[in-house]
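Working notes, beginning with the structure itself.
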Amino acid sequence: MKRKYLYIQSFTSLLLPAICFMVCLTGGNVAFAQQNAYEEVLSRFIGEHKYDIEKPGALDGVQAPDFSAETIVGKSVSLASLKGKVIVLNFWFIACKPCKLEVDPLNEIVDKYKNKDIVFLSIAREKQEDLLQYLAANTFDFQTIADPKAFIAGDVFHILGYPTTIVIDRIGKIRYYSLGGKINEDAVRADFKRELIPVIDEHLSKDMK
């Protein structure tokens, strides 16, 4: 049995669609339908079954909900605009010790896939000014979005805890979902080598269909 270490995130809006955000910022009906489809799948993982969400295949092939945001350096990003690329999302916050253990191994993965059709985005439950100060002294090679009220983490993706890592394929479907961290960096690297990297390799090798 894998040992997982995570910070639990509780959201009262687990099954409530983020209507205004999705309709106003990401193109109306299509994005709203994606959000509803995603939330319909999430409704299977409630109560004692909620952590089944990260079992192999639990979310495989589910359309990821779209969102639009700006990185802490002012770059506009959305999942829709990144169609055609593999996307790795990492949800974290500064005081999360399991999150910090993932940073160096994740940076190594960014370096491994430089010049490939892949985008690495981190969604941090922090204010922008705090992130700018922290990241000036602590290198994290993902493009980072400040999510201080956990809107993207909570109202859009409804993550259950930190860290959470999600891989989205070239056509916007979820192919990997990992919740919780490890006890040390070596365990993180071993887990990424066994589970995350093969998924990235598989979907980088595939064309859009």
Side-chain angles (χ1 to χ4, degrees), residues 17-42 53-54 56-92 102-103 105-124 135 140-147 151-159 163-179 192-209:
I19 297 173
C20 178
F21 184 81
M22 299 308 300
V23 172
C24 295
L25 296 185
T26 58
N29 292 338
V30 172
F32 184 52
Q34 289 175 353
Q35 184 75 15
N36 278 344
Y38 178 73
E39 290 179 344
E40 182 180 353
V41 174
L42 289 189
I53 195 170
E54 69 160 352
L59 291 181
D60 188 53
V62 175
Q63 193 73 29
D66 195 13
F67 69 88
S68 296
E70 281 193 357
T71 69
I72 58 174
V73 296
K75 181 180 178 181
S76 295
V77 295
S78 70
L79 292 192
S81 70
L82 296 173
K83 189 174 181 180
K85 298 181 182 293
V86 174
I87 303 165
V88 179
L89 300 179
N90 180 256
F91 295 85
W92 65 289
E102 291 189 346
V103 171
L106 286 172
N107 283 344
E108 292 162 9
I109 290 175
V110 174
D111 186 64
K112 174 181 174 68
Y113 293 104
K114 61 185 177 183
N115 303 320
K116 301 291 186 181
D117 265 347
I118 186 167
V119 176
F120 296 92
L121 292 175
S122 88
I123 316 294
L135 292 173
F140 190 14
D141 292 328
F142 279 44
Q143 299 179 60
T144 296
I145 295 167
D147 190 30
F151 184 82
I152 298 171
D155 291 348
V156 178
F157 280 91
H158 305 300
I159 69 165
T164 289
T165 300
I166 299 172
V167 175
I168 300 168
D169 71 12
R170 294 180 185 273
I171 59 173
K173 293 185 177 181
I174 294 171
R175 298 301 179 183
Y176 172 92
Y177 189 105
S178 176
L179 168 64
F192 286 170
K193 183 177 180 179
R194 182 176 62 251
E195 298 184 9
L196 175 58
I197 289 174
V199 172
I200 292 173
D201 286 340
E202 176 185 356
H203 290 285
L204 277 175
S205 69
K206 291 183 177 180
D207 296 326
M208 289 180 63
K209 293 181 180 178

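This chain uses plain numbering: 1 for the first residue, then up along the sequence.
Interatomic distance, Leu121 CG to Phe67 CZ, rounded to the nearest 0.5 Å: 6.0 Å. Atom CD1 of Ile145 sits about 8.5 Å away from atom CZ of Phe91, to the nearest 0.5 Å. Interatomic distance, Glu108 CD to Asp141 CG, rounded to the nearest 0.5 Å: 10.5 Å. In this structure, CG on Leu59 lies 5.0 Å from CD1 on Ile174, to the nearest 0.5 angstrom. To the nearest 0.5 Å, the span separating CD1 on Ile168 from CZ on Arg170 amounts to 14.0 Å. In this structure, the separation between CD on Glu102 and CZ on Phe140 is 8.0 Å, given to the nearest 0.5 Å.
For Lys116, there are no side-chain hydrogen bond (donor to acceptor under 3.5 Å, both in side chains) partners two or more places apart in sequence or in a different chain. Under the rule for a salt bridge (Lys or Arg N to Asp or Glu O under 4.0 Å), Glu70 has no partner lying at least two apart in sequence or in another chain. Partners of Asp60 under the side-chain hydrogen bond (donor to acceptor under 3.5 Å, both in side chains) rule, at least two apart in sequence or in another chain, are Arg175. Scanning for salt bridge (Lys or Arg N to Asp or Glu O under 4.0 Å) contacts around Lys83 gives an empty result, with sequence neighbours left out. Scanning for side-chain hydrogen bond (donor to acceptor under 3.5 Å, both in side chains) contacts around Thr164 gives an empty result, with sequence neighbours left out. Applying the side-chain hydrogen bond (donor to acceptor under 3.5 Å, both in side chains) test to Tyr176 and every residue at least two apart in sequence or in another chain returns nothing.
Counting heavy atoms from C-beta on, the side chains of Phe157 and Ile123 never come closer than 4.5 Å.
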(request) Go through Phe120 and Ile109 one step at a time and tell me if the side chain to side chain contact (heavy atoms under 4.5 Å, CB included) criterion holds. (result) CA-CA 10 Å; Phe120 296 92; Ile109 290 175; 3.8 Å; yes
(request) Could you please spell out the steps behind the side chain to side chain contact (heavy atoms under 4.5 Å, CB included) verdict for Val86 and Tyr113? (result) CA-CA 11 Å; Val86 174; Tyr113 293 104; over 6 Å; no
(request) Would you please test Gln143 and Val77 for side chain to side chain contact (heavy atoms under 4.5 Å, CB included) and show each step? (result) CA-CA 10 Å; Gln143 299 179 60; Val77 295; 4.3 Å; yes
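Salt bridge Lys206/Glu202: present, at least one basic N to carboxylate O contact under 4.0 Å.
A side-chain donor-acceptor contact under 3.5 Å links Ser122 and Thr144. Looking at Asp66 and Tyr38, their side chains never bring a donor and an acceptor atom within 3.5 Å of each other.
Here the closest non-hydrogen pair linking Asp117 and Gly84 is OD2-O, 4.4 Å. The two residues Ser78 and Ser81 come nearest to each other via the heavy atoms O-OG, 2.8 Å. Of all heavy-atom pairs between Tyr177 and Ile159, the closest is OH-CA, 4.0 Å. In terms of heavy atoms, Ile197 sits closest to Lys193 at CD1-CA, 4.1 Å. The minimum heavy-atom distance linking Asp147 with Ala153 is given by the pair OD2-N, 3.0 Å. The nearest pair of heavy atoms linking Val88 to Phe142 is O-CE2, 3.9 Å.
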